[in-house]
Every structure is written in C-alpha cells, then in structure tokens.
Amino acid sequence: MKAKKFLNEPNLMVDEMIEGFIKANQDKLTIVPKTSVVAKKSINRSKVQVIIGNGSGHEPACIGFVGENMLSANAYGSLFAAPSADITYEAIKYCHSEQGVCVLISNHAGDVINSKMAIEMANDDDYACEGVILYDDIASAPKEKMTERRGTVGTLFNYKITGSYANEGHSLEEVVAMSKRVRDNTRTIAVALKPGTSPVTGLPMFEISEDEIEIGMGVHGEAAALTTRMGTSQEIAKIMVNMLVEDKPYIEGDELAVIVNGCGQTTLMEQLLFFNDVEREIVQKGMKVFKPQIGSFITTQEMGGISLSFCKVDEVMKRCWIAETDAPYFRV
C-alpha cells in the first residue's frame, strides 16, 4: 500500500515546498530570481561567504540552515538529486564578495561533480571561490579510504562552525582551513529502524525486518554496514559511541560537540532518551560533551532512526558553534 502524504502534484512538490518556506521566512531569506537558490537577503561583500548545494527531501537540510553565522545560500536540487552546476554557480555569483566564496560539498557523486564544475565556472569569471569536500560517515568506507566516505549529518558542524568563522572576517584560505579542520575532527554513524517512503512512488525506500536494525544506513537508504537485532536505547548507544570513538580515535580529555539527529519519524522523546545514554557513555570514557544539538536536522522523509555525530572541538570551534544565528531551523 502506498504511503499517505500531504502532496499535490508530485512534480511540483519541491517548488511548492520552497514557496511555503520563503513565505514563512520572507523577512530574512529570498529566492534568487529565476534560480533554485535560497539565500540571505543581505550579503556582506567584505567577508567570505559559505554556501552549499544539496538535493531536496532531507528537510530542514539545507534550506533551514541559511542565515547569519551559518550558510549564505543553499542551491537546491530536485528530490534526492544534486543541483546542477549552473544552479550552484548562480549561488556563488549571488554571494560573491571581495574575500571570496567557500563551497561546502557533501561527498556524493552528483554533488561533487556539479559543485566542482560550478567552482571552475566561477573562477573563469574571476570570482574567488574554493570548495571543500565533506565526509563523515564511518560506515561508508574504511578508515584507510576516508576520502571515499559519504557526507552525512556531521556536515552540520561545518555549516555552523565554518559559517560563523567566515563571518568573523577571516580570509578565504583561513576559512577553507577551518572547514577541513572541522571535517577531520568529525565522525558519524546512523541506525535505521524503519524505511522512509518516496514521495514520488509512495513505496518504501528499503526493507527491514520488524525485529532488526540497520547500523550504518545512508541518508538515501544506502546499504548498512551491520544488521543486528533490535535492542534497548542504551545497548544501541553503546555500540554507536564505541564505533565513533574507535574510528577517530577520540581519547580521554577530548571535548565533543554532539548531534543526535532524528531521521524523520523518530520522536523527540526517543532522541532525548538516546542522548542521555550517549552522554553517559562519553563521560564514562573520560570525555566531555559540549553544547549538544538534539532534533531532526537532516532527514530521509519519515525514516525511523537516529544518526549520531561527534566533533572534537577547540576553543575557536566552540565559539563558532554557539555563535548566535537566525537560520530558521538551527538554534544555539
């Protein structure tokens, strides 16, 4: 049986969603005319601007993260599809400044190819622009092939920290270096309990038994690293924390910014309960939690599950992580 969703014409759903989003945030955000780019109404041309391109269907990512001390623009594509190079180029052009533009690129094939093309187009037109490929999903490739890992929920650390750092007035070279520093200190693992359904077909995006969970499921339903029996929140948290800590590795004395992300269907009650278990595991290992973010930030429609992200933070990163923002779906 096909899923029930509040939709009109499936081929218009992204346009109608964006129209509603802009109407709800028209005091500070705009659509760049004749493009698929959500952007801040006011751009400070004397500072580096930070942008990203991504596919729709993961809301509030990334339209909800456009705002002061975060992203300056989001070039959005159709459902689960990267925006074209032309669209990302329009975002760069709209945000261009004397100091340049930093393009954050989530490591998925379409995002990488199109963003690199857009950066080349911008450079050809004498816009200073550099890109940083983001990868954080430890389940998607072994550590020795880290650059092949997918970009997932941990990229949110970069949107906020790098965006805030750029707004402090640092050079493009410094902003790019900060982005890489955040990326290299970030790790993510996800667990799926139930599939989401495609708004186009109304059918489940993958299959999973009622008594099983998928550890390492990707944001588009990509294959998981491990299938295991459903356990308690505490049991699952212990497995996920251990996987992240061992991969970095994070060590005693580290201070970790933490994201507990609901994948679309997971209730706030579950998210908070799960965070309580995660925090206990971190403290037991002699580490500290800094300003956790708990909520649904990067979703896959109504997929049931949680992703857990850690970022080892220093004093500069901490300052940027908690800097005030007016992005609609991120609160410090």
Side-chain angles (χ1 to χ4, degrees), residues 1-5 54-62 79-81 106-108 134-142 148-156 186-247 258-278 281 293-310:
M1 179 173 150
K2 290 188 175 183
K4 296 177 180 177
K5 290 180 181 284
N54 75 289
S56 299
H58 301 292
E59 291 72 35
C62 286
L79 186 71
F80 304 142
S106 189
N107 196 23
H108 297 272
L134 308 181
Y135 40 82
D136 58 299
D137 180 9
I138 68 171
S140 55
E148 297 179 14
R149 289 177 169 178
R150 297 182 294 243
T152 55
V153 178
T155 57
L156 184 59
T186 298
R187 300 290 188 274
T188 296
I189 189 71
V191 60
L193 310 183
K194 298 178 181 178
T197 54
S198 167
V200 176
T201 66
L203 300 175
M205 299 173 67
F206 59 89
E207 295 182 358
I208 185 171
S209 299
E210 286 296 321
D211 61 345
E212 291 183 332
I213 60 174
E214 301 273 359
I215 298 178
M217 178 67 69
V219 293
H220 304 102
E222 295 97 337
L226 172 66
T227 300
T228 187
R229 295 292 178 184
M230 181 67 190
T232 64
S233 172
Q234 190 171 5
E235 291 168 341
I236 297 169
K238 186 179 184 68
I239 292 171
M240 295 172 73
V241 169
N242 285 340
M243 291 176 73
L244 294 179
V245 168
E246 291 169 8
D247 188 89
V258 175
I259 298 171
V260 171
N261 176 71
C263 297
Q265 186 181 123
T266 312
T267 65
L268 183 57
M269 175 187 284
E270 293 169 278
Q271 295 168 23
L272 290 167
L273 191 155
F274 181 79
F275 168 72
N276 190 50
D277 294 327
V278 166
E281 291 291 328
Q293 287 288 339
I294 302 156
S296 295
F297 302 103
I298 300 180
T299 63
T300 307
Q301 296 300 292
E302 74 278 30
M303 186 166 88
I306 278 177
S307 61
L308 177 64
S309 301
F310 293 167

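Because only heavy atoms are used, hydrogens play no part in the values below, and waters and symmetry mates are left out as well, while side chains stay in. Sequence positions, counted from 1, serve as the residue numbers for this chain. Computed from a predicted model, the values in this text were never measured in an experiment.
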Can you give me the closest heavy-atom contact between [X] and [Y], atom names plus distance?
X: Phe274; Y: Ser233; result: CA-OG, 3.4 Å
X: Pro195; Y: Ile208; result: CD-CG2, 3.8 Å
X: Gly196; Y: Phe206; result: N-CE2, 4.4 Å

When you measure from the side chain of [X] to the backbone N and O of [Y], does any donor-acceptor pair fall under 3.5 Å?
X: Gln271; Y: Met269; answer: no
X: Gln234; Y: Asp277; answer: no
X: Ser296; Y: Gly264; answer: no

With rounding to the nearest 0.5 Å, note down the distance linking [atom1] in [X] to [atom2] in [Y].
X: Met303; Y: Thr266; atom1: CE; atom2: OG1; answer: 8.0 Å
X: Ile138; Y: Arg150; atom1: CD1; atom2: CZ; answer: 11.5 Å
X: Ile189; Y: Met217; atom1: CD1; atom2: CE; answer: 11.0 Å
X: Leu244; Y: Leu308; atom1: CG; atom2: CG; answer: 5.0 Å
X: Glu302; Y: Lys194; atom1: CD; atom2: NZ; answer: 10.5 Å
X: Ile294; Y: Ile306; atom1: CD1; atom2: CD1; answer: 10.0 Å

Discussion item. When you compare the side chains of Ser198 and Gln301, does any donor N or O come within less than 3.5 Å of an acceptor on the partner?
Written reply: no
Worksheet item: With respect to Thr152, which candidate in Asp136, Thr186, Asp137 satisfies the side-chain hydrogen bond (donor to acceptor under 3.5 Å, both in side chains) definition?
Response: Asp136
Response to the item:
Exactly one candidate in Thr299, Asn261, Thr300 meets side-chain hydrogen bond (donor to acceptor under 3.5 Å, both in side chains) with Ser307; the answer is Asn261
Practice prompt. Applying side chain to side chain contact (heavy atoms under 4.5 Å, CB included), run through Ser309 and Gln293 and close with a yes or a no.
Written response: CA-CA 10 Å; Ser309 301; Gln293 287 288 339; over 6 Å; no
Worksheet item: Does His58 have its ring centroid less than 6.0 Å away from the ring centroid of Phe297?
Response: no
Worksheet item: Would you call Glu270 and Gln265 a side-chain contact if the rule is heavy atoms closer than 4.5 Å?
Response: no
Fill in: Side chain proximity check, Leu79 to Pro199, heavy atoms < 4.5 angstrom
yes
Discussion item. Would Met243 and Ile239 count as a side chain to side chain contact (heavy atoms under 4.5 Å, CB included) here? Give the steps.
Written reply: CA-CA 6 Å; Met243 291 176 73; Ile239 292 171; 3.9 Å; yes
Fill in: Residues Asp211, Arg229: salt bridge by 4.0 Å N-O rule
yes
Worksheet item: Do Lys5 and Thr197 pass the side chain to side chain contact (heavy atoms under 4.5 Å, CB included) test, and can you show the C-alpha distance, the side-chain angles, and the key distance before you say yes or no?
Response: CA-CA 10 Å; Lys5 290 180 181 284; Thr197 54; 3.2 Å; yes
Item to complete: Sort out for me which residue in Thr188, Val245, Asp247 forms a side-chain contact (heavy atoms from CB on, under 4.5 Å) with Phe310.
Response: Val245
